[in-house]
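Since the structure comes first, as C-alpha cells, the remarks are kept for the end.
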Amino acid sequence: MVIVVKIGGARAVEPEGALADIAHLTANGERVVVVHGGSTAVDELLADLGREPEYVTTPGGVSGRFTDAETMEAFTMAMAGRVNTDLTTALRNEGVNALGLSGVDGGLLTGARKSAVRVIEDGKKKIKRGDHSGKIESINSDLLDTLLDTGYTPVVSVPMLAEDGTPVNADADRAAAAVAGALGASLVVLTDVAGVYEDPDEPDTLIESAETPAEMERVEEAAEGFMTKKVMAATEALESGASEVIVSDANLNDPILAALDGHGTRFSPGALGGEGNQ
C-alpha cells in the first residue's frame with residue numbers, strides 16, 4: 001500500500017506536522033509519495049516581479065489560475081524550484097530519503113495542453129486564449145515504483161509535460177489524485193480547514209464521510225470555492241483506482257496520522273456507486 005500526501009500551498013497551511021508524520025511513516029516501512037501545491041509562493045513571486053496573479057472562473061463555477069507565458073515562468077520557478085526544494089530539504093532534515101522532481105522529469109505527469117479556456121467574465125461566457133495549462137492524462141507509475149522500491153520518498157510538483165513537449169500548469173490537487181489513482185493508493189489531502197462543511201461558517205457541520213452516491217451528492221452540493229476542486233480531485237482519484245481519499249486539516253497535531261485515524265472528510269469508492277477502482 002502507498003500513501004499519497006497532498007500538502008496544500010495556501011498561506012495558512014503549516015507543513016511541519018505533515019513532514020514529521022512522513023518521517024514517522026517512512027521509518028516504519030510505509031511507502032509515501034508527496035505532492036505539493038504552492039499558490040501562495042507563485043503569487044508572491046509574481047508580486048516581486050510586478051505582476052498581478054489572474055484567476056478565472058469557468059462556466060461550471062470552478063476557479064483557477066490563468067497562466068500566460070510570463071506567469072508560466074514564475075510558476076515553474078516557484079513550484080519546481082523554491083517550494084519543491086524547500087520541502088525536499090525539510091524532509092531530508094527529518095531523516096526522510098526524499099527526492100524532488102517535477103511532472104516533467106521522466107515524463108512523470110503528461111497529458112493534453114489547453115491553449116484556451118472557457119471563462120465567465122461580466123456574466124458572459126468567453127474564450128480566453130494564451131493559457132499554458134493542461135489536463136493530466138498519464139502517470140509514469142513505473143518511475144514512482146522504482147523510486148519507492150529503492151527507498152526514496154518522491155516529492156512531486158507540477159508543472160506537467162504537455163503532448164506538444166512544453167511544460168504547462170496543472171492543478172496540484174488533481175495531480176495528487178492522478179498519482180494516487182495510478183498507484184492504487186490512499187490519498188490524504190491536507191488543507192487549511194478540517195474537511196468539507198455543510199456550512200463553512202459552522203464548524204460543527206463537518207461532513208465526516210461520503211460512502212454512497214447520495215452522500216457524495218451531499219458533499220458536492222456543500223463544497224464551494226477552493227473545496228470544489230478538492231472534491232473533484234477526490235472523485236477523479238477514486239475513479240482511477242485510489243483506495244480512499246481523506247480531506248483533512250494540515251495544522252492538526254500529527255495531521256496525516258489523524259486523517260488516517262478518522263479525522264476530516266473521507267471518500268470511499270462506494271460513493272461512486274460502484275464505479276471506483278474500475
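These figures come from a predicted structure and were not determined experimentally.
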* Asked: Is any side-chain heavy atom of M160 less than 4.5 Å from a side-chain heavy atom of K135?
  -> no

* Compare all side-chain heavy atoms of V156 with those of D105 and state whether any distance is below 4.5 angstrom. => no

* **N-O pairing of E44 and R82 below 4.0 Å** => yes

* To do: Using a cut-off of 6.0 Å, state whether more than 12 heavy atoms not belonging to R51 lie near its atom CZ.
  => yes

* Asked: Shared ILVMFWY cluster between L19 and M79, side chains joined below 4.5 angstrom?
  -> no

* Please tell me if the side chains of E94 and I22 come closer than 4.5 Å, counting only heavy atoms from C-beta onward. => no

* Spacing of L108 atom CG and L143 atom CG [to the nearest 0.5 Å] -> 5.5 Å

* pair V168-P159: side-chain heavy atoms closer than 4.5 Å -> no

* Find the distance between CG (D204) and CD (E198) and round it off to the nearest 0.5 Å. => 11.0 Å

* What are the two closest non-hydrogen atoms of A23 and V96, and how far apart are they? -> CA-CG2, 3.5 Å

* Do D173 side-chain atoms and K229 backbone N/O form a donor-acceptor pair below 3.5 Å? -> no

* Asked: Do V2 and V179 share a hydrophobic cluster, counting only Ile, Leu, Val, Met, Phe, Trp and Tyr and linking them when any side-chain heavy atoms are less than 4.5 Å apart?
  -> yes

* Asked: Which atom names give the shortest non-hydrogen contact between A80 and S102, and what distance separates them?
  -> CB-CB, 4.1 Å

* By side-chain hydrogen bond (donor to acceptor under 3.5 Å, both in side chains), which residues pair with S63, not counting sequence neighbours? -> T57

* Around atom CD of E208, are there more than 12 heavy atoms of other residues, nucleotides or ligands at under 6.0 Å? -> no

* To do: Mind checking the CE-CD spacing from M77 to E73? Nearest 0.5 Å is all I need.
  => 6.5 Å

* To do: Determine whether K230 and V193 make a side-chain contact, defined as any pair of heavy atoms from C-beta on separated by less than 4.5 Å.
  => no

* Using links of under 4.5 Å between side-chain heavy atoms of ILVMFWY residues, direct or through other members, which residues join V56 in one cluster? -> F66, V117, V119

* Verify same cluster id: V245, I3 (apolar side-chain graph, 4.5 Å) -> no

* Take L190 and V13 through the side-chain contact (heavy atoms from CB on, under 4.5 Å) test and state the conclusion after the steps. => CA-CA 8 Å; L190 296 177; V13 170; 5.8 Å; no

* **V158 and its side chain to side chain contact (heavy atoms under 4.5 Å, CB included) partner, picked from L109, V104, D171** => L109

* To do: Would you kindly confirm whether I136 and L101 end up in one hydrophobic cluster when ILVMFWY residues are joined by side chain heavy atoms under 4.5 Å apart?
  => yes

* To do: Calculate, to the nearest 0.5 Å, the distance between atoms CD1 and CG belonging to I139 and L144 respectively.
  => 7.5 Å

* Asked: Quick one: do L147 and V155 end up in the same hydrophobic cluster if we chain Ile, Leu, Val, Met, Phe, Trp and Tyr together by side-chain heavy atoms under 4.5 Å apart?
  -> no

* **Rounded distance (nearest 0.5 Å) linking atom OG of S39 with atom CZ of R65** => 6.5 Å

* So which heavy atom on L87 is nearest to which on P15, and how close? -> CD2-CB, 4.3 Å

* Approximate separation, where rounding is to 0.5 Å, of L206 CG and H263 NE2 -> 10.5 Å

* **Smallest separation among heavy atoms of N84 and G100, with atom names** => OD1-CA, 3.3 Å

* Asked: Can D149 and R31 be counted as an ion pair, charged N to O under 4.0 angstrom?
  -> yes

* Would you say T71 and H132 make side-chain contact, with heavy atoms under 4.5 Å? -> no

Under 3.5 Å, which donor-acceptor pairs link side chains of residues 120-131 to any protein atom two or more places apart or in another chain?
{"from": "K128", "atom 1": "NZ", "to": "E54", "atom 2": "OE2", "distance (Å)": "3.0"}
{"from": "D131", "atom 1": "OD1", "to": "T67", "atom 2": "N", "distance (Å)": "3.0"}
{"from": "D131", "atom 1": "OD2", "to": "S133", "atom 2": "OG", "distance (Å)": "2.4"}

* Asked: Side chains of K6 and T191: does their closest heavy-atom pair fall under 4.5 Å?
  -> no

* Asked: For E202, does the CD atom have more than 12 heavy-atom neighbours from other residues, nucleotides or ligands under 6.0 Å away?
  -> yes

* Asked: Minimum heavy-atom separation for L161 to P167, with atom names?
  -> CD1-N, 4.3 Å

* To do: Kindly say whether G195 contributes a backbone atom to a donor-acceptor pair with the side chain of T265 at under 3.5 angstrom?
  => no

* Grab the two heavy atoms, one from A18 and one from I256, that are nearest each other, plus how far apart they are. => O-CD1, 3.5 Å

* To do: Mark yes or no for whether S209, through its side chain, and R266, through its backbone, hold a donor-acceptor pair below 3.5 Å.
  => no

* Asked: Looking at side-chain heavy atoms only, is the closest gap between S186 and I246 below 4.5 Å?
  -> no

* Give the C-alpha distance, both sets of side-chain angles, the deciding distance and a yes or no for side-chain contact (heavy atoms from CB on, under 4.5 Å) between E220 and T235. => CA-CA 10 Å; E220 290 172 339; T235 300; 4.1 Å; yes

* Asked: Are L187 and E244 close enough, and set up right, to give a side-chain contact (heavy atoms from CB on, under 4.5 Å), and what steps lead you there?
  -> CA-CA 6 Å; L187 172 59; E244 64 178 350; over 6 Å; no

* Salt-bridge present (D164, R113; N to O < 4.0 Å) -> yes

* Hey, is OH on Y152 packed in by over 12 heavy atoms from elsewhere, all under 6.0 Å? -> no

